[in-house]
Amino acid sequence: MSKYNVLFESEETIFGKVPRSYDWVEYSCLLKIYDGGKLPVSFEMTFIPPHPYMVNMPLTHSIKAESISGVYYKVVKFLNSYGVQFCQ
């Protein structure tokens with residue numbers, strides 16, 4: 001099985017707001033797009049402390065999808081599962 005090449009790589013920062021406690025959540029992310037495969041877009045998220053008062057967020061999370069829009073859809077769903085609203 002051949003390894004796929006990285007076509008595009010970008011560092012992103014994701015912010016979210018916890019409306020119940022008015023706290024902010026920040027993730028440093030690495031977006032990679034490969035030239036093949038079933039899920040060619042990957043998104044590695046690393047939490048930047050401090051943790052919000054009401055929620056204990058995971059330190060790392062990875063997402064794979066077919067497109068960039070699919071990745072951001074999964075990011076919004078991931079944040080919503082912890083009661084965090086996606087900001088940027």
Please list, one pair per line, the donor and acceptor atoms closer than 3.5 Å that link side chains of residues 26-50 to other protein atoms, with sequence neighbours excluded.
residue: Y27; atom: OH; partner: P58; partner atom: O; Å: 2.8
residue: D35; atom: OD1; partner: N5; partner atom: N; Å: 3.0

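D23 places no side-chain N or O within donor-acceptor distance of the main-chain N or O of V18, the cut-off being under 3.5 Å.
Connection of Y22 to Y53 is not established within any shared hydrophobic cluster, with ILVMFWY side chains joined at heavy-atom distances below 4.5 Å, either directly or through further cluster members. Cluster membership for Y73 and I14, using ILVMFWY side-chain heavy atoms within less than 4.5 angstrom, is not shared.
Residues K74 and K64 approach most closely at NZ-O, 2.8 Å, considering heavy atoms. Between A65 and G70, the shortest heavy-atom distance links the atoms CB-C, 3.8 Å. Residue C87 comes nearest to W24 through the heavy atom pair SG-CZ3, 3.6 Å, listed as atom of the first residue, atom of the second, then distance.
Here the CG-CZ distance, from L79 to F15, works out to 12.5 Å after rounding to the nearest 0.5 Å. Taken to the nearest 0.5 Å, the CE atom of M57 stands 6.5 Å off from the OH atom of Y82.
For E66, the CD atom sits in a loose shell: 12 or fewer heavy atoms of surrounding residues, nucleotides or ligands are nearer than 6.0 Å.
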